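In what follows, every chain begins at residue 1, and chains take the letters A, B, ... in the order their sequences are listed. Only a predicted model underlies this, so the values are computations on that prediction, with no experimental measurement involved.
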Number of protein chains: 2
Amino acid sequence: MAEPEWLTPVEHDAWMALAELLFRLPAGLESQLQRDADLAMADYMVLVMLSERDDHSMRMSELASSASTSQSRLSRIVARLEAAGYVTREMAPDDRRAVIATLTETGSAKLVAAAPGHVAQVRRLIFDRLTPAQVLSLTDIAGALAHPDDPASCDLST
Amino acid sequence: MAEPEWLTPVEHDAWMALAELLFRLPAGLESQLQRDADLAMADYMVLVMLSERDDHSMRMSELASSASTSQSRLSRIVARLEAAGYVTREMAPDDRRAVIATLTETGSAKLVAAAPGHVAQVRRLIFDRLTPAQVLSLTDIAGALAHPDDPASCDLST
DNA sequence: CCGAATTAGTTGACGCGTCAAATAAGTTAG
DNA sequence: CTAACTTATTTGACGCGTCAACTAATTCGG
């Protein structure tokens with residue numbers, strides 16, 4: 001609260017660079033996936049999160065936070081993926097409010113087909129442009145910034 | 001092309017952290033601006049870019065690339081900002097295809113009113129969570145990643 | 001000069017994400 | 001037991017961004 005009201009020049013540069021990244025990088029990743037696999041990044045992430053589970057299943061609410069989206073957005077995404085045959089939805093046996101989304105065989109195949117192109121794009125746009133040291137540094141920085149609403153991670157200066 | 005097809009574990013961690021950042025940070029910034037100033041980030045950026053010019057004016061196409069958006073998106077943004085009274089549009093005298101957007105007094109005032117809250121949020125979500133060294137590092141990394149379609153910045157390994 | 005190609009900007013149709021409200025099923029306190 | 005609260009998910013309305021098509025002005029080749 002006693003912080004200065006404006007940014008220092010160094011902070012300003014960092015913020016401008018980050019803002020540009022925030023606008024442009026998603027577009028570059030999105031367009032490859034859309035073009036080659038007809039999937040949005042968020043769709044792809046949802047498929048990935050499901051595929052990483054042994055049973056290829058997850059509750060909607062857990063899936064939403066894994067994929068970093070809102071519940072209502074996830075609901076629409078899964079509805080689309082279900083319509084495309086990539087996932088199924090069923091009531092959870094233990095808690096009848098909950099819904100379990102499950103990746104289908106078709107969905108697995110879709111992911112297997114889409115992954116190489118996407119990974120290549122990630123490599124092109126990100127790792128080909130960074131030194132190994134920068135990759136490590138990026139991991140720390142992104143980890144520190146990835147939870148906007150987490151109060152524990154800020155104001156460590158006391 | 002001879003690159004490995006998948007990511008190394010270190011790269012995977014970095015990518016996951018960055019992906020989370022890419023999904024969550026914009027939402028955290030966007031919501032404050034929307035709530036307190038009824039502006040989207042992209043709207044705000046457009047106003048900022050105009051305000052940084054001496055004459056508070058810029059061509060649409062230049063404004064689009066400064067604000068890192070597509071032309072058609074910018075066209076809609078400026079239409080909204082014009083309807084709100086924050087900018088005006090007029091034909092360029094030298095090239096009659098071009099349109100010059102100009103920030104109005106009302107638009108300047110809006111920006112002055114919105115800036116402190118936004119800057120505070122940027123500080124909360126970004127700079128309060130990074131060491132000075134990380135801020136420098138972020139500037140370099142974001143600079144390297146901010147131009148997805150720039151062929152000059154990749155594949156320097158030859 | 002003239003016609004083809006390029007550049008600048010806008011717009012209609014469409015799909016997606018957000019917000020708030022709705023539904024429904026657990027949970028808790030008296 | 002039940003009324004109030006919380007949690008899980010969906011959905012209607014609405015605004016925004018994207019894509020492709022369109023208008024119009026400038027430039028380029030011959």
Salt bridge (Lys or Arg N to Asp or Glu O under 4.0 Å) pairs, two or more places apart, involving residues 17-32 of chain A = A:Glu20-A:Arg24
note: B:Met91, atom CE; D:dT23, atom P; distance rounded to Å ~ 19 Å
Value in whole Å for how far the P atom of C:dC19 lies from CZ of B:Arg35 = 11 Å
If a pair satisfies side chain to side chain donor-acceptor pair (under 3.5 Å) and one of its residues is in [range], list it, with sequence neighbours excluded.
range	value
residues 69-80 of chain A	A:Asp43-A:Arg80
residues 44-54 of chain B	B:Arg53-B:Glu62
residues 102-120 of chain A	A:Ser57-A:Thr102

According to a strict under-4.0 Å criterion, is A:Arg96 in side-chain N/O contact with OP1 or OP2 of C:dA24?
-> no
Residues in side chain to side chain donor-acceptor pair (under 3.5 Å) contact with A:Arg96, at least two apart in sequence or another chain | none
Can you give one letter per nucleotide of nucleotides 8-18 of chain C, going 5' to 3': B for a protein heavy atom under 4.0 Å from the base, S for sugar-phosphate only, - for none?
-> SBBBBB--SSB
